[in-house]
Every structure is written in C-alpha cells, then in structure tokens.
Amino acid sequence: MAEPSATWVYAVVPNEIADVPAGVTGVAGEPIRLVRRADLAAAVGSVPLEEMDEQPLRRRLQDPAWLEHAVRSHHQVVSAFLPRAPTVPFRLATVYHSDAQLAQMLDHRAPELLDALETVAGRAEWGVQAYAEPGGEAPAEDAAAPAGSPAGASGGSSTTRPGTEYLLRRRAERSQQQQARAAASAAAQQADAVLAAMAVAVHRSPPARRPGDGPSAALVLNTSYLVDDGRAAEFTGSVDQLADRFPQLRLRLTGPWPAYSFVHVGEAVDTGEAVDIGEAGEAGS
Amino acid sequence: MTGPVPTAGDGPGDLVGRGRSAALSRPEPASLADVLERVLDKGIVIAGDIKVNLVDVELLTIRLRLLVASVDRAREMGIDWWEHDPMLSSRAPQPAGPELTGGEQGTEQRSEQTDEQSSEQGAEQSSEQGAEQGGGGQAGGDSDG
C-alpha cells in the first residue's frame, strides 16, 4: 500500500506547456509533474505526508540543514521551468493534502494567477546590489588629528596620550567612512534610476546588511528589476557601464531569476519594501 | 570574510573584489542568501492545506549557518532581541558594570545593530550615533558608518 502523500507546489505555468523539464526532482527527491486546470498548470511533487504534515514540516523548517536543502531544491525546480515557460514561483512550503485540493485552489485563484503569469511572461528578474567600495574615496588622512601630532603614528609611539590619539583616529576613520557611504549611497540612487528606466517593475529592499556580507561591507542598494527578455543584454551591459561610471560602488548582478519579487497574490505581507510597477520604461507587450 | 556564516554560494565568493567592465558582464553565481530571500520571503503566498507559518522558522537557531532575511523581516517576526540587549542597544537598560560578551559573535551582533540603526534612521545621523555609542569603552568593532 502506498504511503499517504501530500502535494507540494513549486510554481504555476501556462497549461500550454507540453511537459516538465527532464531530470528535475523536488524537495523530497520526488519527480516533478503537472496538475492541469483550465489555463493553468501547477508544477508539483508528491511528498510523504509523514514528513510534510504540519508538525513534521514545522520541525524540518527549523532544521538549518533541511531548510537549506529544501530552499535549494524548491528553487531548482522553479528555475528549471523558466527557460521554457512563463513561471510564477510559489513561496516555499505550499502543500496540499491532494491534487484535488490543489486543483480547487487553481480554480479559485485563477484570475490572480493568470494575472501573475501575464506579469512575468517574457521577462526575468535581475538583482543588483551596490556596496560602498572600501577605499573608493581618497585615503583617510588624519583630518581630525590635532596639529602637531605625529602623522600615522602607531601605538607605542612617543605620544603621551595614545588613547586619545586612537579615539581621534577612529573618529576620523568613521567620518571618512560616513562620507564614503553617503557618497556611495548617492551614486547608488543614480545607478538605480538608470536601471529602473529599463525595467517594467522594481522591487527595492532596505539596504541592511545581507547574510554572508563581510563586516566591512556597506550595502547601499539592494534592488530587483523585472526586465523584458529583449532588454536583458542592454540591462546587464548597463551594469558594466555603471560600474565604470561609479568607482565608489561595487556592483553585484545576479539573474536571470524567476520573478519571485513581482508576483504578489494572496496574503501579501507588508514588509515595508517598495514595489513600483510601470516605472519609466515602457512595458514591451 | 570573518563572520561565522559561510557565504555558501554556488560559485566563487560573492565579495571577491572584481575588476570593472568586462568582469561584471556576466551575472555572478547566486549565493544562498540570494536564494533564501526569494524562496522564503517572496513568490506566491497562498495558504495550502498544511499550515506552516514561515514566521515560525527559528532564525536565531539557524543564524550560525544561514543568517536569513533582512532586519525588517526579522522584526516582522517579532525577533528584535538586539533592541533589548544592553550590549547592543543604548535604548535597552544598561547593566551596572561593563561585561563584554566574548567573541566574534558579539562583535558581529554589534555591527549588525549599528547597520540596522543606520538603515532605519538615515545614514549619516545614525552613523554618528553609532559611533558615539560604540566609542565608549568598546573596541571600534566593525562599524562601517
């Protein structure tokens, strides 16, 4: 007798899609298949209910190893569809008791999902981060050092108040860092404007430090852009040009992504992030 | 990078200094952070039959391995321990005597706090505040603003 299973949803694509991409497996190592309903098809996998029912799933979500694996697998499945169909990604851990339940959802939410498909069709998401380039400004001079103090003196010199000198130097450094960051931030806004002009939508995240950033990384921009495929080369080329134009920035480009940041359906959570639809650039339709 | 969390990218380090122009013409490999902030935080949000609130994910316990999400998202989840830790916030009640929490973790937390203040309150103003707060009796830490 087969184990009871649940239906894990990865993405929704148009029902015209012929089949699933080859060689793709899901969060439980399961094969991916399609649940077709009217104009929609959901990319799903059957996962053991024993592992994915509420309690076990909540436990797994708190296991960093499993979470990392699940996130990567989920994203791999979603990404596999992107080259061959407009792909509306689902957030992690959307699980139904059966295909029938899932199909009901597809019925109920069809208008929104079709809308989302239209938003993403022929487009991809590109992520750009900008960091204040360390040393992008002139080298720190002892601008706040009192006149007459030895320039560049290190600890253990003949100064009688090394602690004060240290603090003054640190303040000078911080002042330099603040200025560098402010300058980088201004440059980042300009860069963002250039890129946004080529996008049909923009999703800006607060430039708080991202996981994995080193301690000296100063993030001044963290934005996703929804770009028509036909403008992708122009967009990525612009990132190069901006890197040249703004030496005070270090730019990082990722993509093409499935349009995670541009498909707001259902219980959208207000994270205080700004999404602009229809920025500047004309939507190529 | 000296933090406790590996960058865990699919390819070469995300923060390796790069030459300009040609070196950037290709997108970089996505890091785990890039994937996490999309898969956990974005995409279609429709409640399935099996109710899991991703807010339940215990970010603090996986912080050492994954460090997920922006500060705003953490706050949304009610995770704001740094605002109540006297070592990390001048707004929290201060202990009677100085006692530094040891190690890299403390330093990293402190610098995260400084950054959060920076991003929330405006770069220059809060950087000044951060410098003031961090200056007294503590090593400069990793404050970059």
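Every chain is numbered from 1 and lettered A, B, ... according to where its sequence line falls, protein lines coming before strand lines.
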For a quick test of reading the model, state the closest non-hydrogen atom pair linking [X] to [Y] and the distance between them.
X       : Y      : answer
S205(A) : K42(B) : OG-NZ, 4.0 Å
A47(B)  : Y96(A) : O-OH, 3.6 Å
W126(A) : P27(B) : CZ3-CG, 3.6 Å

*Quick one: which of H97(A), M52(A), H75(A) has the most heavy-atom pairs under 4.5 Å with chain B, could you say?*
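Looking at each of H97(A), M52(A), H75(A) in turn, H97(A) comes out on top.
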*asked:* At a heavy-atom distance under 4.5 Å, which candidate from V9(A), V71(A), T254(A), D53(A) has the highest pair count against chain B?
replied: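 Among V9(A), V71(A), T254(A), D53(A), the one with the most close pairs to chain B is V71(A).
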Between [X] and chain B, which part of the residue has a heavy atom less than 4.5 Å away: side chain, backbone, both or neither?
X      : result
L49(A) : side chain
A6(A)  : side chain
H74(A) : side chain

Mind checking whether [X] and [Y] have side chains closer than 4.5 Å, heavy atoms only?
X       : Y       : value
D34(B)  : Q129(A) : yes
R252(A) : S31(B)  : yes
I44(B)  : T94(A)  : no
L40(B)  : Y260(A) : no

*Quickly, which of S224(A), P89(A), P258(A) forms a side chain to side chain contact (heavy atoms under 4.5 Å, CB included) with R38(B)? Name it, please.*
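One option only clears the test, and that one is S224(A).
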*Going from CG on D41(B) to CZ on R91(A), what distance comes out if it is rounded to the nearest 0.5 angstrom?*
7.5 Å
_Quick check for you: to the nearest 0.5 Å, what is the distance between E68(A) atom CD and L36(B) atom CG?_
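If I round to the nearest 0.5 Å, the distance is 7.5 Å.
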